[in-house]
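For reference, the structure is listed below as structure tokens.
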Amino acid sequence: MPLKIYNSFTRQKELFNPITPGHVGMYVCGPTVSGESHLGHARPYITFDIVYRYLTFKGNKVRYVRNITDAGHFEEEGREAEDKISKKAVLERLEPMELVQKYTNLFHWAMKQFNCTEPSIEPTATGHIIEQIGMIQKIINEGYAYEVNGSVYFDVKKYAASHDYGKLSGRVIDELLETTRELEGQEEKRDRADFALWKSAAPEHIMRWQSPWGEGFPGWHIECSAMATKYLGTTFDIHGGGMDLQFPHHESEIAQSTICNHAAPVKYWMHNNMITINGKKMGKSYNNVIKLTEMFSGNHPLLTQAFHPMTIRFFILQSHYRSTLDFSSEALVASEKAFKRLWEAYEALQKLEPANQGAATDTELDARILKWLDEFEEFTDDDFSTPKVLANMFEMAPVINSIKDGLIAPAAIATSTLQLMKEKFRVFLEDIFGLQPVSESNNNTLKAVMQLLIDIRKEAKSKKDFALSDKIRNQLNQAGVLIKDEKDGGMSWSL
RNA sequence: GGUCCUUUGGCCGAGUGGCUAGGCACAGCUCUGCAAAAGCUUCUACAGCGGUUCGAAUCCGCUAGGGACCUCCA
């Protein structure tokens, strides 16, 4: 089945055809490691992890490049441009690279918690200064950049005269020139819309590199262009990132790469929408962020409890990546319960034994299940409609539980249908959606202890010693272990 | 100020012309020593006004609210 992707560049869903059949090059804007990641950051990484996993599932060999921005983006708010990372490094009295390492480690840890696949290549900006300088030089040689006082700027006006600057972000260049806000320290630029490729470093600036234009540091946009070109070629398949990066970051990337490589860099642009909190984008400037460590620990005024990374992953999958997703503790609690129920049904499904005869006795139910299963791929092919796949899974949860509890005969569905169900649930939940069990019920020691307690409780129950039976159940409950009595007299437990 | 997007039941959230999305919460029932879990059932909404259409949450217009970008931002 063909995959369709919404291309932000053309503003429509398009059939996905890799440039080289069977191979996909994908670049995703990674974190700026000058601080801790927050909930909003989780979205693109989980979204594009699904994209990566699904493309792989479809038989592609995917090279997934996600950068680490460790050189810092300059800020233009003050008189002199400041490197964000070196600014904070001074405050925290750390070496810049020590700070960068600390937050890189923390980021990697968070990605692991979310069960995000590691990118094929994770290049750092500081490790590619030479490539960035080379690219800037080429742009100057092409006549689309100019040097002033040790800084280099991209000539947007000249570029726009022959190229469609603003197409990705839906901007008109003339408007842009007029509506760009009044900022200080811009007198060097020929035009307000121009952006920096290289910035001359002030004496107090810690992070600095030698360049043909003097000591300085790279502009914000050039690192992605340089690293994407190096590892994916002049034109590659997918570029992903948050919607807030469309302008100016991605628009500038297109301009730089187009001049440097004489080709449009990206075939499909994908942008995820924002996570909001009380309707407002979660972001540094709004001072409304919840850090991932706070999410996992529950240590934040807006959180009523801690949330497992898988709950957050599931929460994100329950909405379409191009819609805003409104955060609230209540919504997370709902996702936690929903995920638990779905996962328990999934585990029950894997334990179901097929009936002896092959054919279905309830052909109507059997047909419905086959349709639901078939739609897993159909929905995912339609621009990654993960919420619809999950909805179908929830449709099947009562069927699974009913078979398990003997309310529906196992023979109702065909043996082949059951096998297909097991397979499809596993592939989509684990391989593609990257979900994992929350509990530690895989711990063998714990399993053995629980088995003993369950045996004792069963014995007590059979002797109608409900006092003991309840005591075991209640005390375990207090310890966070839930005992469930099942229809057939069996017992199960979960954390 | 400019450009663009959005408004779905108590909450989150799919859905783009006709068919029950789904989840959570709430309520009732079944099962059960009790509870939980599970199953069944109930609640069935599309900001307002007008238009197009046999038919609109879905298309068009206006009004109102919310938001994003234009500045670092996932």
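Model, not experiment: these values are computed from the prediction.
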Taking atom [atom1] in both [N] and [M], what distance in whole Å separates the two?
N      : M      : atom1 : answer
U6(B)  : U32(B) : C1'   : 48 Å
C43(B) : U20(B) : P     : 14 Å
U3(B)  : U71(B) : C1'   : 16 Å
C49(B) : A56(B) : C1'   : 15 Å
G17(B) : G51(B) : C1'   : 15 Å
G10(B) : G48(B) : P     : 13 Å
G23(B) : G18(B) : P     : 22 Å
C19(B) : C34(B) : C1'   : 44 Å

Would you mind classifying the nucleic acid contact of [X] as base, sugar-phosphate or nothing, using non-hydrogen atoms under 4.0 angstrom?
X       : result
A338(A) : sugar-phosphate
T47(A)  : nothing
M393(A) : nothing
L325(A) : sugar-phosphate
G40(A)  : base
A460(A) : nothing
F394(A) : sugar-phosphate
E344(A) : nothing
M274(A) : base
D326(A) : sugar-phosphate
H271(A) : nothing
D470(A) : base

Base-pairing assignment for [N] (Watson-Crick or G-U wobble, both under 3.5 Å):
N      : value
G1(B)  : C70(B)
G33(B) : none
G18(B) : C54(B)
C40(B) : G28(B)

[X] [atom1] to [Y] [atom2] distance, which is reported to the nearest 0.5 Å:
X       : Y       : atom1 : atom2 : answer
D326(A) : M282(A) : CG    : CE    : 9.0 Å
M393(A) : F428(A) : CE    : CZ    : 7.0 Å
I222(A) : Q256(A) : CD1   : CD    : 4.0 Å

Measure from the side-chain heavy atoms of [X] and tell me the nearest of [options].
X       : options                : result
Q318(A) : A74(B), G15(B), G23(B) : G23(B)
D405(A) : G39(B), C24(B), A38(B) : A38(B)
P398(A) : A74(B), A21(B), C40(B) : C40(B)
A334(A) : C69(B), G23(B), A74(B) : G23(B)

Could a donor-acceptor pair under 3.5 angstrom be found where the side chain of [X] meets the base of [N]?
X       : N      : answer
R341(A) : A38(B) : no
S328(A) : C12(B) : no
N392(A) : G22(B) : no
D485(A) : C34(B) : yes
R473(A) : C34(B) : yes
S469(A) : G33(B) : yes

Salt-bridged, [X] to [Y], with N to O below 4.0 Å?
X       : Y       : value
D194(A) : K157(A) : no
E344(A) : K340(A) : yes
K458(A) : D455(A) : no

[X] side chain near [N] phosphate (N/O to OP1/OP2, under 4.0 Å):
X       : N      : answer
S335(A) : G23(B) : no
Y286(A) : A68(B) : yes
K281(A) : C69(B) : yes
K280(A) : G67(B) : yes
K461(A) : G33(B) : no
N272(A) : A74(B) : no

* Out of Y159(A), Y153(A), F154(A), which residue meets the ring-ring contact (aromatic ring centres under 6.0 Å, His included) rule with F195(A)? -> F154(A)

* To do: Among Y103(A), F296(A), F114(A), find the one that has a ring-ring contact (aromatic ring centres under 6.0 Å, His included) with W109(A).
  => F296(A)

* Asked: To the nearest Å, how far apart are M310(A) CE and G23(B) P?
  -> 22 Å

* Structure fact -> On RNA chain B, more 5' by nearest nucleotide between S169(A) and S285(A) is S169(A)

* **5' priority, RNA chain B, between F314(A) and H38(A) [closest heavy atom]** => F314(A)

* Face-to-face contact Y45(A) to A74(B) six-ring, under 5.5 Å, under 30° -> no

* **Within the 6.0 Å centroid threshold, strictly below: F433(A) and Y54(A)** => no

